[in-house]
Amino acid sequence: MKQMTCSKCGNRVFFENLRCEACGSTLGYAPEEQRMLAFDESGEDSWHRLGPEGAAYSPCANRRANVCNWMVPSATGHHLCLSCRTTHTIPALAKAENHGYWAVLEQAKRRLFYTLIELVLPTPNKLEDPVNGLSFEFLEQVSPQEHVLTGHDEGVITLNIAEADDARREYARQLMHEPSRTLLGHFRHEIGHYYWDRLVRCTPWIDEFRSLFGDERADYGAALNIHYSSPDPDWPRRFISAYASSHAWEDWAETWAHYLHMVDGLETAASWGTHLEAASPSGPALKVRPLDLNAESIRDSIAEQWLPVSQFINAMDRSLGAHDSYPFIVVPPVIEKLDFIHRVVRAGSTGRMSMNFLPRS
Ligand SMILES: [Zn+2]
Ligand SMILES: [Zn+2]
Ligand SMILES: [Zn+2]
């Protein structure tokens with residue numbers, strides 16, 4: 001993510017901020033301008049913009065619940081922002097802790113949306129496009145018999161709100177033997193399934209997809225059963241995670257999530273002007289650059305940029321007594337899959353390949 005500054009005083013602020021600590025202005029993020037704007041809240045409907053003039057904005061209606069800091073262009077007449085409009089079900093707020101879970105879920109979702117906007121990928125909600133739109137269900141498991149599974153089905157992404165509880169998510173991570181488990185990672189994974197339907201399903205990409213990820217027509221339930229009873233011990237040679245080796249769809253979604261991690265991670269590092277003098281023990285220094293979203297191929301960027309940057313982040317984590325943020329090894333077959341995802345996204349976002357926003361056959 002790019003560094004954010006207050007549009008009134010230029011102070012560095014974070015994407016999640018509601019207020020500028022330096023000048024005291026109210027802040028809101030305008031996804032249309034991809035920047036943080038300062039306001040005074042005097043306007044009835046629109047807020048008065050501070051700093052340079054520009055379009056009028058109103059706060060997302062969920063700001064009142066302290067759940068969202070995004071702004072809505074007043075001219076659109078929407079009450080909710082682009083991201084909140086995709087949420088169909090929120091947890092029951094009668095339970096005090098659910099409010100906090102809802103807030104952190106929406107916060108992670110907005111980080112997902114930030115990157116999708118950069119990638120020029122459409123994010124229609126189910127009201128705008130009932131067949132191919134997106135909808136998020138944040139569900140609570142209320143009885144031991146009922147299982148709320150995180151997953152994707154025809155544009156509907158379900159998240160068990162227990163995932164928003166750090167202790168329960170960490171418990172699940174250990175139970176599932178996963179190296180990392182984050183809300184943002186869940187969102188990036190599940191949206192990968194959604195875009196597989198939009199960008200790969202029934203398109204000319206399908207043959208290359210199958211040659212890299214395997215045949216998605218293999219029985220999904222049976223594949224997962226095999227994965228959980230006897231996981232492929234050789235997975236590190238070809239996959240980004242053990243789960244990716246369970247089925248072609250999961251390999252795509254896992255690798256897709258890493259594409260988004262990489263796009264966002266390199267943009268952050270580049271935006272802070274990161275320069276790694278000792279990026280490799282004997283190689284040249286590295287001036288980190290954002291991933292070139294128009295590049296023909298990103299193979300070299302992954303090897304020359306993302307690998308040293310992610311290793312540097314892990315080294316910093318260890319210095320601070322934390323777990324590695326990026327406990328993954330990106331092997332050459334995974335680089336090929338990431339490069340494929342990049343080419344698919346680029347062809348779709350530039351309009352060279354039409355996206356599947358048509359009804360399913
Ligand atoms: Zn300020
Ligand atoms: Zn919102
Ligand atoms: Zn999945």
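Please read these numbers as outputs of a predicted model, since none were measured by experiment. Whatever order the structure lists them in is the order used to number ligands and atoms, beginning at 1.
Vertex the Zn ion (ligand 3); arms to H193 NE2 and H189 NE2; angle rounded to 10 degrees, 100°.
Shown here is R210, whose CZ atom has more than 12 heavy atoms of other residues, nucleotides or ligands within 6.0 Å.
The Zn ion (ligand 3) has E250 among its coordinating residues (N/O/S atom, backbone or side chain, under 2.8 Å).
A donor-acceptor contact closer than 3.5 angstrom links the side chains of R19 and T26. Side chain to side chain, N132 and R198 meet the donor-acceptor criterion of an N or O pair below 3.5 Å. With hydrogens and angles left out, the side-chain atoms of N125 and T86 include no donor and acceptor closer than 3.5 Å. With hydrogens and angles left out, the side-chain atoms of E250 and H227 include no donor and acceptor closer than 3.5 Å.
At distances below 3.5 Å, not a single donor-acceptor pair connects side-chain atoms of N69 with backbone N or O atoms of L18.
A salt bridge links E267 with K2; the closest basic N to acidic carboxylate O contact falls under 4.0 Å.
Here the closest non-hydrogen pair linking Y194 and G155 is CD1-CA, 3.7 Å.
Around the Zn ion (ligand 2), the protein contributes the following N, O or S atoms at distances under 2.8 Å: C60 SG, C68 SG, C81 SG, C84 SG. Within a radius of less than 2.8 Å around the Zn ion (ligand 1), the protein N, O or S atoms are C6 SG, C9 SG, C20 SG, C23 SG.
Remark: C60 SG to R110 CZ distance equals 7.5 Å, nearest 0.5 Å.
Figure legend: R169 and Y171 shown without cation-pi pairing, the cationic atom not lying both under 6.0 angstrom from the six-membered ring centre and within 45 degrees of its axis.
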